[in-house]
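When a residue number appears, it is its place in the shown sequence, counting from 1. In listed order, ligands and their atoms are each counted from 1.
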Amino acid sequence: MAIQKLLSLVFSHLVLFLVFLDLTNSQRLQVGLQVGLGISTSQGLQLGFYRQTCPNAESTIHGMVQQFIFKDRTLAAPLLRMHFHDCFVRGCDGSVLLNSTNTNQAEKDAVPNQTLRGFNVIDTIKSALEKECPGVVSCADILALVARDSVAMVGGPSWVVPTGRKDGRVSIASEALAQLPSPFANINQLKQNFAAKGLSVKDLVVLSGGHTIGIGHCFVISNRLYNFSGRGDTDPSLDPAYAAQLKKKCKPGDTTTVVEMDPGSSKLFDDDYYTVVARRRGLFQSDAALLNDIQTRIYVILQSSTNGITFAQDFAASMVKLGNVGVLTGSQGEIRKQCAMVN
Ligand code: HEM
Ligand SMILES: *[C@@H]1O[C@H](CO)[C@@H](O)[C@H](O)[C@H]1NC(C)=O
Ligand SMILES: *[C@@H]1O[C@H](CO)[C@@H](O)[C@H](O)[C@H]1NC(C)=O
Ligand SMILES: CC(=O)N[C@H]1CO[C@H](CO)[C@@H](O)[C@@H]1O
């Protein structure tokens with residue numbers, strides 16, 4: 001009893017200390033300064049890059065995203081995910097949008113991309129921008145701006161998106177498979193995947209919060225439910241009551257059914273994700289894995305016990321970092337005319 005009390009005392013103070021650390025975090029200030037002064041980032045991206053060359057680009061994108069999401073709110077999730085998948089393979093260079101050719105299997109056709117949606121949104125926006133200012137706005141920038149606007153439109157935070165990304169000419173399916181984190185990954189693999197892109201353990205736990213919106217296919221969790229270690233068993237890290245609910249929706253061999261990752265509010269960008277994970281109801285092993293590392297675990301418990309005290313601000317800061325990963329600028333790359341095809 002005494003030990004439990006002591007532990008909970010230590011823990012509650014640790015939480016307070018972490019809250020304090022987070023509130024004095026200078027990231028937000030830096031982002032604010034960049035907006036105010038128009039400072040370009042180290043990678044050569046710049047706020048308002050299209051101010052002269054296509055002044056209405058960002059408002060055109062915003063307006064069109066609004067129309068799409070007004071019609072179908074569930075599009076916000078795949079549009080956020082698409083930017084993430086783009087940035088993790090060859091940097092944020094629009095490579096996720098390229099079609100395969102006779103001689104090349106593109107990222108789009110890699111297994112993790114089977115479930116991407118919303119390509120038509122990007123293509124429609126690109127066509128409008130090509131009419132407005134031909135050959136000026138890159139597909140990679142469109143992805144970054146669409147992700148930002150999508151999240152903000154379903155209740156999430158907004159953030160600054162410096163622009164000036166160029167589009168790459170290369171897209172290789174095997175790279176997507178190798179570099180995108182797997183839903184079966186353990187915490188060490190996840191940390192490695194993020195570190196390989198210059199992203200921290202904090203970015204990992206913060207950006208995983210993107211799973212507060214959207215769905216997952218039953219086939220991704222089939223093993224977790226029915227054959228976790230090859231003995232017809234269920235993943236013991238999954239709350240048994242929740243596993244039973246999931247088994248009702250997801251039958252073995254089901255290839256089409258989807259389930260909400262944040263049950264009941266999968267169309268709202270809130271902080272529920274951390275409560276879900278803390279209750280051992282994270283949908284994927286990669287969600288559950290966030291409880292297996294001291295730093296990510298503390299973050300999950302902190303956000304879940306404080307109504308996500310710093311999540312919105314943290315998510316915005318980590319998205320800015322994600323959007324800078326491996327970008328092509330200046331004379332690198334090209335501005336594609338069609339996002340699915342190199343010029
Ligand atoms: C940490 C490693 C991650 C893994 C292993 C992972 C894996 C997955 C998987 C397997 C799905 C389900 C796809 C489906 O069955 O249709 C999914 C969905 C999704 N992911 Fe992640 N993800 C990760 C991180 C992220 C990040 C960093 C973001 C964005 C910041 C993100 C945003 C999303 C969204 C919004 C969906 C829902 C898509 C929809 O509704 O169609 N994920 N993720
Ligand atoms: C469960 O996994 C084992 C080992 O991988 C495999 O031999 C077996 O066929 C699987 N059972 C089902 C029902 O898929
Ligand atoms: C890319 O592939 C999609 C789906 O196969 C097709 O609808 C689209 O027309 C293709 N785009 C280009 C530019 O080839
Ligand atoms: C949206 C999309 O392009 N999905 C493709 C993903 O990859 C599989 C093959 O693994 C294709 O069949 C899908 O069409």
Side-chain angles (χ1 to χ4, degrees), residues 72-88 97-101 106 108-109 111-120 122-123 126-127 139 147-148 150-151 154 156 159 179-187 189-194 197 199 201 203-233 250 252-262 266-267 269 273 277 282-290 296 314-316 318-319 321-323 325 336-343:
D72 177 5
R73 210 178 148 88
T74 69
L75 275 172
L79 291 171
L80 169 62
R81 186 170 179 233
M82 203 186 290
H83 179 46
F84 160 55
H85 280 211
D86 185 31
C87 296
F88 257 63
L97 301 171
L98 288 172
N99 277 2
S100 293
T101 62
K108 239 185 206 179
D109 290 315
V111 171
N113 287 343
Q114 280 172 9
T115 49
L116 285 178
R117 295 192 295 133
F119 290 104
N120 63 317
I122 306 298
D123 288 342
K126 175 64 172 174
S127 309
C139 299
R148 189 263 314 266
S150 297
V151 168
V154 296
W159 54 90
Q179 294 174 34
L180 285 166
S182 155
F184 313 112
N186 63 34
I187 188 68
Q189 292 165 327
L190 293 171
K191 286 199 225 176
Q192 277 169 26
N193 289 141
F194 274 65
K197 303 299 159 190
L199 297 172
V201 175
D203 294 320
L204 163 64
V205 64
V206 168
L207 291 174
S208 294
H211 288 181
T212 179
I213 51 172
I215 50 85
H217 281 75
C218 285
F219 63 77
V220 184
I221 54 166
S222 183
N223 263 23
R224 248 196 130 188
L225 296 180
Y226 294 110
N227 204 6
F228 184 62
S229 53
R231 284 181 273 112
D233 52 340
C250 297
D254 182 331
T255 56
T256 51
T257 306
V258 298
V259 292
E260 293 175 293
M261 292 194 285
D262 172 5
S266 68
K267 296 180 194 170
F269 197 102
Y273 173 76
V277 172
L283 193 60
F284 303 125
Q285 282 152 262
S286 55
D287 298 312
L290 297 175
T296 56
D314 293 338
F315 191 78
S318 289
M319 283 303 296
K321 277 179 81 178
L322 177 66
V325 170
R336 269 177 230 148
K337 292 191 173 64
Q338 294 180 59
C339 290
M341 222 167 57
V342 297
N343 291 343

Discussion item. Using a 4.0 Å cutoff against the non-hydrogen atoms of Ile213, which atoms of ligand 1 qualify?
Written reply: 35 (C), 37 (C)
Worksheet item: Below 4.0 Å from any atom of ligand 1, is there a heavy atom belonging to Phe184?
Response: no
Response to the item:
For Gly216, the atoms of ligand 1 under 4.0 Å from one of its heavy atoms are 12 (C), 14 (C), 15 (O)
Discussion item. Heavy atom to atom 42 (N) of ligand 1, shortest distance: which of Arg81, His211, Met261 holds it?
Written reply: His211
Discussion item. Using a 3.5 Å cut-off on N or O atoms only, is Arg231 in polar contact with ligand 2?
Written reply: no
Practice prompt. Please indicate, with yes or no, if any protein heavy atom is found under 4.0 Å from atom 9 (O) of ligand 2?
Written response: no
Item to complete: Just need the protein heavy atom nearest to atom 40 (O) of ligand 1, so name the residue and atom and give the distance.
Response: Ile215 N, 3.0 Å
Discussion item. Yes or no, since that's all I need: does a protein heavy atom fall within a distance strictly under 4.0 Å of atom 14 (O) of ligand 2?
Written reply: yes
Practice prompt. Decide whether an N or O pair under 3.5 Å exists between His217 and ligand 1.
Written response: yes
Worksheet entry | Any donor-acceptor pair under 3.5 Å from Asn223 side chain to Phe228 backbone | no
Practice prompt. Could you tell me the residue and atom name of the protein heavy atom closest to atom 2 (C) of ligand 1, and the distance to it rounded to 0.1 Å?
Written response: Pro181 CG, 3.4 Å
Worksheet item: What is the ring orientation for Phe88 with Phe84, classed by angle as parallel under 30°, tilted 30 to 60°, or perpendicular over 60°?
Response: perpendicular
Worksheet item: What residue and atom, counting heavy atoms only, is the protein's closest point to atom 25 (C) of ligand 1, and at what distance?
Response: Phe84 CE2, 3.2 Å
Discussion item. Can you tell me if Ser182 contacts ligand 1 (heavy atom of the residue under 4.0 Å from the ligand)?
Written reply: yes
Worksheet entry | Atom indices of ligand 1, in the order listed, that fall short of 4.0 Å to a heavy atom of Leu207 | 26 (C), 27 (C), 28 (C), 30 (C)
Item to complete: Can you pull out the closest protein heavy atom to atom 11 (C) of ligand 1? Residue, atom name and distance to 0.1 Å, please.
Response: Phe284 CE1, 3.5 Å
Worksheet item: To which protein heavy atom is atom 35 (C) of ligand 1 closest, and what is the distance rounded to 0.1 Å?
Response: Ala77 O, 3.1 Å
Worksheet item: Counting from 1, what ligand 1 atoms have a heavy atom of Val220 closer than 4.0 Å?
Response: 15 (O)
Practice prompt. Find all atoms of ligand 3 within a distance of less than 4.0 Å from any non-hydrogen atom belonging to Ala340, and give their numbers and elements.
Written response: 11 (N), 12 (C), 13 (C)
Worksheet item: Should you measure from each heavy atom of Asn227, which atoms of ligand 2 turn up under 4.0 Å away?
Response: 1 (C), 2 (O), 3 (C), 8 (C), 10 (C), 11 (N), 12 (C), 14 (O)
Worksheet item: Which residue and non-hydrogen atom of the protein lie closest to atom 3 (C) of ligand 3, and at what distance in Å?
Response: Asn99 ND2, 3.6 Å
